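Note that the numbering runs from 1 along the sequence shown for the chain. Since this is a predicted model, take the numbers as computed values, not measurements.
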Amino acid sequence: MAIYKRILLKISGESLMGEKQYGIDETRLGEYAAQIKEIADMGVQIGIVIGGGNIFRGLSGASKGFDRVKGDQMGMLATVINSLALSSALEALGVKTRVLTAIRMEPIGEFYSKAKAIESLERGEVAIFSAGTGNPFFTTDTGSSLRAIEIEADVMLKGTRVDGIYTADPEKDPTATKFDEITYDEIYIRGLKVMDLTATTMCKENKMPIYVFDMDTVGNLKKVMSGEKIGTLVKL
């Protein structure tokens, strides 16, 4: 039995690169789709937000001379490409999906609304929310927090390449220790880069728990849904 009935899963665009330097690694995409199918088969209602950093990141574009608003809009389009790729990979495994976009672009995806999203989840479809919030200056982390709160998810799962939240970056500091649980306030005080501040604050104000775990290890998503403590839980 899954410990959560309805989840919002946030996947980073960079993770989709896998072993590549740019774009989408088909092997990694297939692994993600298989993991999502596993929990869909458990009866979990799944909403997904994917970043676009494997294709274009608005903030880094702005540092190279792009107008920030246009750069963020390009980043939104990158998330749509990733969402279509994941939708295709899931459909190939027999999982029904629905791509909803925060900016109008029918027939690529349907324009997002909470009612459409929840109707889709209750029908057993995997709802993929793309184009962030539809606004510049907001990250896909904030988009994930917003969608998690809107669809009344039990938890927001943040799938990363690290197996939780540490006192420091474990890839740079070998003495860093992992938290099993941490509060939103402790994240602020310690200056930990879990998500951007806007996203974390939204989750705190709406009592939305965040679970950070390593999504790149095949089978981990099912372990989280089965209640195994393999990551870090952020709560009040």
Do the side chains of Val99 and Ser130 get nearer than 4.5 Å, heavy atoms only? yes

Is it possible for you to say whether Phe138 and Val49 belong to one hydrophobic cluster, with membership spreading through side-chain heavy-atom contacts below 4.5 Å? no

Locate the shortest heavy-atom distance separating Ala153 from Leu8; write the atom from each residue and the value. CB-N, 3.9 Å

Report yes if the side chains of Val126 and Ile128 come closer than 4.5 Å at any heavy-atom pair, otherwise no. yes

Rounding to 0.5 Å, atoms CD1 (Ile182) and CG (Asp185) come to a distance of 10.0 Å

Using 0.5 Å steps for rounding, measure from the CG atom of Leu93 to the CD atom of Glu38. 11.0 Å

Pairs flagged by ring pair (Phe, Tyr, Trp, His ring centres under 6.0 Å) wherever residues 206-236 is involved - sequence neighbours left out: none

With sequence neighbours left out, which residue pairs that include part of residues 68-77 fulfil the side chain to side chain donor-acceptor pair (under 3.5 Å) condition? Arg68-Asp72

Can you run down the ring pair (Phe, Tyr, Trp, His ring centres under 6.0 Å) pairs that involve residues 69-102, sequence neighbours left out, and say none if there aren't any? none

Report yes if the side chains of Glu26 and Lys20 come closer than 4.5 Å at any heavy-atom pair, otherwise no. yes

Measure the shortest side-chain to side-chain distance between Val155 and Ile210 over non-hydrogen atoms and say whether it is less than 4.5 angstrom. no

Distance, nearest 0.5 Å, that separates CD1 of Ile55 from CD1 of Ile81: 4.5 Å

Report the residue from Arg6, Glu125, Arg123 that forms a side chain to side chain donor-acceptor pair (under 3.5 Å) with Gln45. Arg6

Closest approach of Gly164 and Lys178, non-hydrogen atoms and distance? CA-CE, 4.4 Å

Between Glu19 and Thr27, is any pair of side-chain heavy atoms under 4.5 Å apart? no

Does any pair with a residue in residues 53-110 pass ring pair (Phe, Tyr, Trp, His ring centres under 6.0 Å), and if so which ones, sequence neighbours excluded? Phe56-Phe66

In terms of side-chain geometry, is the basic nitrogen of Glu14 or Arg161 positioned less than 4.0 Å from the acidic oxygen of its partner? no

Taking all non-hydrogen atoms of both residues, which atom of Asn54 and which atom of Ile24 are closest, and how far apart? ND2-CG1, 3.6 Å

Are Met202 and Tyr188 connected, step by step, through hydrophobic side chains (Ile, Leu, Val, Met, Phe, Trp, Tyr) whose heavy atoms are closer than 4.5 Å? no

Table please: side-chain donor-acceptor pairs of residues 228-236 below 3.5 Å, with sequence neighbours left out.
{"unit_1": "Thr232", "atom_1": "OG1", "unit_2": "Ile165", "atom_2": "N", "d": "2.8"}
{"unit_1": "Thr232", "atom_1": "OG1", "unit_2": "Phe179", "atom_2": "O", "d": "2.5"}
{"unit_1": "Lys235", "atom_1": "NZ", "unit_2": "Glu181", "atom_2": "OE1", "d": "3.2"}

Heavy-atom side-chain proximity of Thr217 to Lys223 below 4.5 angstrom: no

Verify same cluster id: Met225, Ile48 (apolar side-chain graph, 4.5 Å): yes

Please walk me through it: do Glu152 and Lys114 pass salt bridge (Lys or Arg N to Asp or Glu O under 4.0 Å)? CA-CA 10 Å; Glu152 300 166 31; Lys114 172 179 174 171; 2.6 Å; yes

side-chain contact (heavy atoms from CB on, under 4.5 Å) between Leu9 and Leu221, worked out: CA-CA 10 Å; Leu9 174 64; Leu221 184 56; 4.2 Å; yes

Separation between OG of Ser113 and CD of Glu150, rounded to the nearest 0.5 Å: 9.0 Å

Ring pair (Phe, Tyr, Trp, His ring centres under 6.0 Å) filter on Tyr112, not counting sequence neighbours, yields Phe129

Determine yes or no for a side-chain-to-main-chain donor-acceptor pair under 3.5 angstrom, with Asp214 supplying the side chain and Asp216 the backbone. yes

Partners passing side chain to side chain donor-acceptor pair (under 3.5 Å) against Tyr184 (at least two apart in sequence or in another chain): none

Please examine the side chains of Ile50 and Lys10, heavy atoms only from C-beta on, and report whether any two atoms are closer than 4.5 Å. no

Looking only at heavy atoms, what is the nearest atom pair of Ala78 and Gly52, with distance? CB-O, 3.7 Å

Do any N or O atoms from the side chain of Asp154 and from the backbone of Lys5 form a donor-acceptor pair under 3.5 angstrom? yes

Using 0.5 Å steps for rounding, measure from the CG atom of Asp163 to the CG atom of Asn220. 8.5 Å

With Asp173, which residues qualify under side chain to side chain donor-acceptor pair (under 3.5 Å), at least two apart? Thr175

Ring pair (Phe, Tyr, Trp, His ring centres under 6.0 Å): pairs with one or both residues in residues 18-40, sequence neighbours excluded: none

What heavy-atom pair brings Leu29 and Ala89 nearest, and what distance separates the two atoms? CG-CB, 3.9 Å

Please determine whether residues Val212 and Ile7 belong to a single hydrophobic cluster, defined as Ile, Leu, Val, Met, Phe, Trp and Tyr linked transitively by side-chain heavy-atom distances below 4.5 Å. no

Report the C-alpha separation of Glu119 and Lys116 in whole Å, then their side-chain angles, then the decisive distance to 0.1 Å, and conclude whether the salt bridge (Lys or Arg N to Asp or Glu O under 4.0 Å) test is met. CA-CA 5 Å; Glu119 174 197 306; Lys116 271 188 209 167; over 6 Å; no

Linking Ile, Leu, Val, Met, Phe, Trp and Tyr by side-chain heavy atoms under 4.5 Å, what else ends up with Met1? none

Euclidean distance, Glu110 CD relative to Met105 CE, rounded to 0.5 Å: 13.5 Å

Between Ser87 (side chain) and Thr97 (backbone), is there a donor-acceptor pair under 3.5 Å? no

May I have the list of side-chain donor-acceptor pairs in residues 190-198 shorter than 3.5 Å, sequence neighbours left out?
{"unit_1": "Arg190", "atom_1": "NE", "unit_2": "Glu186", "atom_2": "OE2", "d": "3.1"}
{"unit_1": "Asp196", "atom_1": "OD1", "unit_2": "Thr142", "atom_2": "OG1", "d": "3.2"}
{"unit_1": "Asp196", "atom_1": "OD1", "unit_2": "Thr198", "atom_2": "N", "d": "3.1"}
{"unit_1": "Asp196", "atom_1": "OD1", "unit_2": "Ala199", "atom_2": "N", "d": "3.1"}
{"unit_1": "Asp196", "atom_1": "OD2", "unit_2": "Thr139", "atom_2": "OG1", "d": "2.3"}
{"unit_1": "Asp196", "atom_1": "OD2", "unit_2": "Thr142", "atom_2": "OG1", "d": "3.4"}

Partner set under side chain to side chain donor-acceptor pair (under 3.5 Å) for Glu122, not counting sequence neighbours: none

Please answer: with hydrophobic residues joined when any side-chain heavy atoms are less than 4.5 Å apart, are Leu100 and Ile46 in the same cluster? no

Tell me if a side-chain donor or acceptor on Thr101 pairs with a main-chain N or O of Arg104 at a distance below 3.5 Å. no

Check: Asp141/Ser144 side-chain N/O donor and acceptor closer than 3.5 Å: no

Less than 4.5 Å apart, side chain to side chain, heavy atoms only: is that true for Leu86 and Asn82? no

For Gly134 and Met76, the nearest pair of non-hydrogen atoms, with its separation, is C-CE, 3.7 Å

Does Lys96 come within less than 4.0 Å of Glu91, counting only side-chain N to carboxylate O? no

